[in-house]
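The structure appears right after this line, and notes come after that.
Counting begins at 1 with the first residue of the sequence. What you see is a predicted model; the values in this text were computed from it and never measured. Below, each value reflects all heavy atoms present in this structure, side chains not excepted, and no hydrogens, waters or symmetry copies.
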Amino acid sequence: MMRIRGRGRHDKPAFLNSVRTLLIAATLSLGAGAPSWAGLSIGWDDLPDPTVQTFEDPYRDLSPEQFDDVLFVVRLRGRLQQDVGTDEDHQKWQELLHETEDALAAGGVDVDWLLSQRQVVTERREKAATLGNPLYDGQEVTLSGFAIPAPADADGRSVVYLVPERGMCSHMPPPPPNQMIRVMLDADWVPSYVHEPVRLTGRLTISPTDHQMVVVDGLMPMRATFQLEADKVETLQNRTDGLEWSEDPTDILRAAGRRKTGGQAASE
């Protein structure tokens, strides 16, 4: 009996990821002498750990009908194992179970093997969604996204979360943890509204956090793989010639000044 095998998360061959990693490393090396505020420009696709993105996931190869049939098999088996229903019910459920299992087998799906892979696939998906790219750990980077105001940190520092799409954590579910960044500000600037477009520059570290906060619609889990110590904030401003990034005096974060002057306040 043929078993459904997964194609993996991405279609890119593994060697392409390796080549890309080498190119990024070379870029980092060439940019070592750049000013501290000139972060390496990265995108959201760069943040997940590339070594865990391609994996076997047999559930992705199932058609919607096959997936529904697998769930139906699980429910029917559960009913038959419980002391519920009449003998007539049990006979009907058993017939439905055999019929559904036969239909899946005809499509090349080994139900028992597929169900045995649930824990393995869950662990692989968790790693793909949570592990950060170690290449950027501790690097000065620049990244654009949408800022969500958050409660201040325990030490009183201002906090925002940066997400890749407008609406995430409110009208849309939160992104995977390695697609969310907890940003430490320690300055006067805060977003004017939820999901304000910003471009941030600062030191990025892999530092997983797990908080809950109210975002528009209610309490939301905010799991972030990364933390950013922001040195610079640029907001998207309306100008006569269109939308462009601009930096206001208050967008120069005091945190950067204190780090670079040994504790003194940043000049404005």
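Between Val141 and Asp46, the closest side-chain pair of non-hydrogen atoms is not below 4.5 Å. Within the 4.5 Å cutoff, no side-chain heavy atoms of Asp69 are placed close to those of Val109. With contacts defined as side-chain heavy-atom distances shorter than 4.5 Å, the pair Arg182/Leu228 does not qualify. The side-chain heavy atoms of Thr142 and Leu200, taken from C-beta on, include no pair separated by under 4.5 Å. A 4.5 Å side-chain heavy-atom check between Thr235 and Val233 finds at least one atom pair inside the cut-off. Between Val160 and Ile148, every side-chain heavy-atom pair lies at or beyond the 4.5 Å cut-off. Taking 4.5 Å as the limit, every side-chain heavy atom of Leu204 sits out of range of all side-chain heavy atoms of Gln139. Residues Val198 and Leu162 are in side-chain contact: their nearest non-hydrogen atoms beyond the backbone lie under 4.5 Å apart.
Evaluation of the side-chain contact (heavy atoms from CB on, under 4.5 Å) rule for Arg166 yields Phe146, Tyr193, His195, Pro197 as partners, not counting sequence neighbours. Annotation: side-chain hydrogen bond (donor to acceptor under 3.5 Å, both in side chains) contacts of Glu123 (sequence neighbours excluded): Gln119. With sequence neighbours left out, the side-chain hydrogen bond (donor to acceptor under 3.5 Å, both in side chains) criterion links Asp49 to Thr51. Pro149 pairs by the side-chain contact (heavy atoms from CB on, under 4.5 Å) definition with Pro191, Val194, not counting sequence neighbours. With sequence neighbours left out, Glu126 forms a side-chain contact (heavy atoms from CB on, under 4.5 Å) with Thr130, Arg223. With sequence neighbours excluded, the residues satisfying side-chain hydrogen bond (donor to acceptor under 3.5 Å, both in side chains) with Asp89 are Thr86. Shown here are the side-chain hydrogen bond (donor to acceptor under 3.5 Å, both in side chains) partners of Gln94, two or more places apart in sequence or in another chain: His98. Residues meeting the side-chain contact (heavy atoms from CB on, under 4.5 Å) test with Ile206, sequence neighbours left out: Asp137, Pro208, Thr225, Phe226. Scored by the salt bridge (charged side-chain N to carboxylate O under 4.0 Å, His left out) test, Glu165 finds no partners at all (sequence neighbours excluded). Scored by the salt bridge (charged side-chain N to carboxylate O under 4.0 Å, His left out) test, Arg124 finds no partners at all (sequence neighbours excluded). Residues meeting the salt bridge (charged side-chain N to carboxylate O under 4.0 Å, His left out) test with Asp112, sequence neighbours left out: Arg77.
Side-chain heavy atoms closer than 4.5 Å link hydrophobic residues (I, L, V, M, F, W, Y) into clusters, and following such links, even through other members, never connects Val120 to Leu114.
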Checking Arg118 against Leu115 for the side chain to side chain contact (heavy atoms under 4.5 Å, CB included) test, could you report, in this order, the C-alpha distance in whole Å, the side-chain angles of both residues, the deciding distance, and whether it holds? CA-CA 6 Å; Arg118 285 181 293 183; Leu115 295 178; 4.1 Å; yes

Does Val159 form a side chain to side chain contact (heavy atoms under 4.5 Å, CB included) with Leu185? I'd like the steps, not just the answer. CA-CA 6 Å; Val159 176; Leu185 295 174; over 6 Å; no

Decide yes or no on side chain to side chain contact (heavy atoms under 4.5 Å, CB included) for Val73 and Glu101, but give the supporting numbers first. CA-CA 7 Å; Val73 166; Glu101 288 174 336; 4.1 Å; yes

Side chain to side chain contact (heavy atoms under 4.5 Å, CB included) evaluation trace for Glu99 with Glu95: CA-CA 6 Å; Glu99 179 183 335; Glu95 291 173 355; over 6 Å; no

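Looking at every heavy atom in both residues, Asn178 comes nearest to Leu131 through ND2-O, 3.0 Å. Closest non-hydrogen pair, Val215 versus Met213, comes out as CG2-CE, 3.4 Å. The two residues Val121 and Glu56 come nearest to each other via the heavy atoms CG2-O, 4.4 Å. The two residues Pro221 and Gln212 come nearest to each other via the heavy atoms CA-CG, 4.2 Å. Nearest heavy atoms, Gln53 versus Ala128: NE2-O, 3.1 Å. In this structure, Met180 and Trp44 approach most closely via the heavy-atom pair N-CZ3, 4.1 Å.
Within the model, atoms OG1 of Thr201 and CD of Glu229 stand 14.0 Å from one another, a figure rounded to the nearest 0.5 Å. In this structure, the separation between CG on Leu104 and CD on Glu65 is 11.0 Å, given to the nearest 0.5 Å. Here the CD-CD distance, from Gln91 to Glu88, works out to 7.5 Å after rounding to the nearest 0.5 Å. To the nearest 0.5 Å, atoms CD (Gln227) and OH (Tyr161) are separated by 9.0 Å. Here the OG1-CD distance, from Thr100 to Gln66, works out to 12.5 Å after rounding to the nearest 0.5 Å. The CG atom of Asn133 sits 11.5 Å away from atom CG of Asp45, with the distance rounded to the nearest 0.5 Å.
The ring pair (Phe, Tyr, Trp, His ring centres under 6.0 Å) contacts involving residues 64-90 comprise His90-Trp93, where partners must be two or more places apart or lie in separate chains.
Under the 3.5 Å distance criterion, the side-chain polar atoms of Asp153 are left unmatched by any main-chain donor or acceptor of Asp155. Under a 3.5 Å cut-off, the side chain of Asp110 and the backbone N or O of Trp113 do form a donor-acceptor pair.
Note on Lys232 versus Glu140: no salt bridge recorded, every NZ/NE/NH1/NH2 to OD/OE distance being 4.0 Å or above.
Annotation for Asp87: atom CG does not count as buried by contact number, only 12 or fewer foreign heavy atoms lying within 6.0 Å.
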